[in-house]
Amino acid sequence: MTRLILDRKATVAGIERRLFLRQSLSLGVLSMLTGCDISDQDDVQSVLKLMSRWNDRAQAFLFRREALAPTYGESDVVRDFRYNAFFPAADAPKLSAADYRLELSGLIEDKRPWSVERLYTLPQQSQITRHVCVEGWSMIGKWSGPRLGDFLKRVGADLSAKYVGFQCADGYYGSIDMPSAVHPQTIMAVKFADEILPVKYGYPFKVRIPTKLGFKNPKWVTTIFVTNRMPGGFWEDRGYNWFSGS
Amino acid sequence: MTASTPIETTSARDAQLHPVGRRIMHWVNALAILVMIGSGWRIYNYYPALPWHFGFPYYLTLGGDFTVTEAINNEDGLANALAWHFAAMWVLVLNFLAYLIVGVVSGHFRRDFLPVSPGAFARDFFAALRGRLGHQLGEYNAVQKVFYWGVLAAILVTILSGLSIWKPVQLKELTWLFGGYEFARVVHFFGMAAIVGFLVVHLALTALVPKTLVAMVFGRVSAPPHPKKGVLR
């Protein structure tokens with residue numbers, strides 16, 4: 001019995017060595033593939049894009065209108081809120097209340113432009129919520145302004161359309177799904193920490209969406225449009241996930 | 001399988017050490033975990049969750065070459081790492097769930113990972129430290145059992161804390177359970193660290209007992225290349 005086992009062990013050891021070598025070889029190939037090169041191949045990129053579209057649908061499915069972003073106390077508010085854009089704060093567009101007009105287009109009945117003063121006449125809502133950046137940092141801030149959903153109803157937007165898009169004075173652009181646009185916490189923030197929104201945070205208003213990542217919250221908005229054709233977005237066109245919900 | 005027929009027992013066990021389903025799930029998991037770690041390290045580098053500042057070496061991270069992504073996407077590589085992370089998470093989670101279900105239903109957990117007691121763990125652990133713990137294919141010692149339970153728990157915690165970072169609004173109860181958004185990132189990091197720790201030991205032991213690798217690839221180590229030459233069949 002012992003001898004049989006020993007014989008077998010010798011055979012097995014022989015096979016093992018070969019297999020182990022072959023296996024180490026394929027492991028090496030695998031680790032080379034998972035290096036920097038694989039990501040840059042076209043077919044890999046298209047699979048990743050396909051998965052990102054799938055994730056858009058999965059997130060739309062997970063989204064619940066009644067799920068509210070957690071709110072915090074006044075003492076949690078960060079006063080010196082981080083400035084964030086793809087250019088230095090000094091280059092932020094300085095829009096003047098006298099000249100500014102919010103343009104409306106697409107599936108909206110009343111497309112007359114809005115002045116800053118008129119925006120201020122709408123009933124406002126305040127929120128203390130966490131701004132979460134796609135990079136991983138987060139900050140709690142206080143924003144106030146009219147609900148985007150109320151505004152869209154007021155101007156006769158087609159609320160059965162799929163997308164709401166934004167164009168901004170700095171060349172930034174973005175879009176969100178209609179359910180997120182009419183979410184009760186999605187506001188046109190005209191104030192930060194109870195003061196008129198400073199230039200660096202997006203004067204005259206920033207679309208504050210606590211159910212989405214930071215880059216889905218456009219600043220210095222000059223045009224709002226409603227459409228059924230996916231408008232994409234500045235960072236989304238650079239490979240970031242479109243829905244990017246929280 | 002009784003003690004009176006030791007060879008048949010070994011042979012029967014060797015014949016089907018790892019059923020094909022388990023082997024597929026093992027390798028799918030291995031690949032998914034590697035992608036999650038590689039892309040996760042790059043994501044971590046963009047805004048470290050831990051107070052002391054360190055980053056993972058760029059060449060160990062997954063998400064494309066900076067200069068190339070800059071050229072294709074006009075973006076320096078975070079988008080790519082995120083795309084990998086949120087693609088591989090489906091593979092990891094679905095495979096993990098399948099493994100848990102099969103593990104319970106087939107009796108694999110009960111048969112191979114149980115029973116395990118603190119006493120048995122201490123005994124086997126110190127035996128291992130003295131180099132006196134043998135390895136028998138298809139039979140796990142108490143240290144291995146604890147390690148397998150540990151890594152399963154680490155994967156579970158990492159998945160759940162990951163979900164709470166991904167969806168701090170839709171899954172806010174889960175995020176609350178992990179101590180809020182910021183702390184969930186720390187938990188996610190240490191879950192990853194535990195998995196990496198397991199991987200280091202797992203790979204070192206595989207190198208010491210290479211036939212375990214053969215078993216995980218081909219399901220058995222006793223099957224000879226030519227069936228005729230097989231013993232005890």
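Throughout, protein chains are lettered first and strands after them, A, B, ... in sequence-line order, and every chain is numbered starting at 1.
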Phe86(B) versus Met51(A): any side-chain heavy-atom pair under 4.5 Å?
no
Take Trp166(B) and Leu62(A), measure what side chain to side chain contact (heavy atoms under 4.5 Å, CB included) needs, and give me the verdict at the end.
CA-CA 12 Å; Trp166(B) 186 46; Leu62(A) 277 177; 3.9 Å; yes
Counting only heavy atoms not in [X] (residues, nucleotides, ligands), do more than 12 fall under 6.0 Å from its [atom1]?
X: Tyr83(A); atom1: OH; answer: yes
X: Asp91(A); atom1: CG; answer: yes
X: Tyr44(B); atom1: OH; answer: yes
X: Arg82(A); atom1: CZ; answer: yes
X: Phe54(B); atom1: CZ; answer: yes

Select one option (side chain, backbone, both, neither) describing which atoms of Val47(A) are under 4.5 Å from chain B's heavy atoms.
neither
Apply the test side chain to side chain contact (heavy atoms under 4.5 Å, CB included) to residues Tyr240(A) and Asn80(B): give CA-CA distance (whole Å), side-chain angles for both, the deciding distance (0.1 Å), then the verdict.
CA-CA 8 Å; Tyr240(A) 286 89; Asn80(B) 239 326; over 6 Å; no
Nearest non-hydrogen partners of Ala87(B) and Asn55(A), listed with the distance
N-ND2, 4.4 Å
What pair of heavy atoms forms the shortest contact from Gly245(A) to Lys167(B), and how long is it?
O-NZ, 2.7 Å
Heavy-atom pair count under 4.5 Å with chain B, highest-scoring of Val132(A), Asn241(A), Leu213(A):
Val132(A)
How many angstroms lie between atom CD of Glu135(A) and atom CD1 of Ile43(B), to the nearest 0.5 angstrom?
11.5 Å
Would you say the side chains of Ser138(A) and Glu182(B) form a donor-acceptor pair under 3.5 Å?
yes
So, Gln170(B) side chain and Arg64(A) main chain: donor-acceptor pair closer than 3.5 Å or not?
yes
Under a 3.5 Å distance rule, please check whether Arg238(A) uses its side chain to pair with a backbone N or O of Ala79(B) as donor and acceptor.
no
Trp90(B) portion near chain A, given a 4.5 angstrom heavy-atom threshold
side chain
Contact part of Leu82(B) toward chain A, heavy-atom cut-off under 4.5 Å: side chain, backbone, both or neither?
side chain
Can you tell which of Leu171(B), Leu78(B), Thr175(B), Val169(B) has the highest number of heavy-atom pairs within less than 4.5 Å of chain A?
Val169(B)
Where do Leu68(A) and Lys172(B) land on the side chain to side chain contact (heavy atoms under 4.5 Å, CB included) test, with the steps shown first?
CA-CA 9 Å; Leu68(A) 298 180; Lys172(B) 61 183 164 195; 4.2 Å; yes
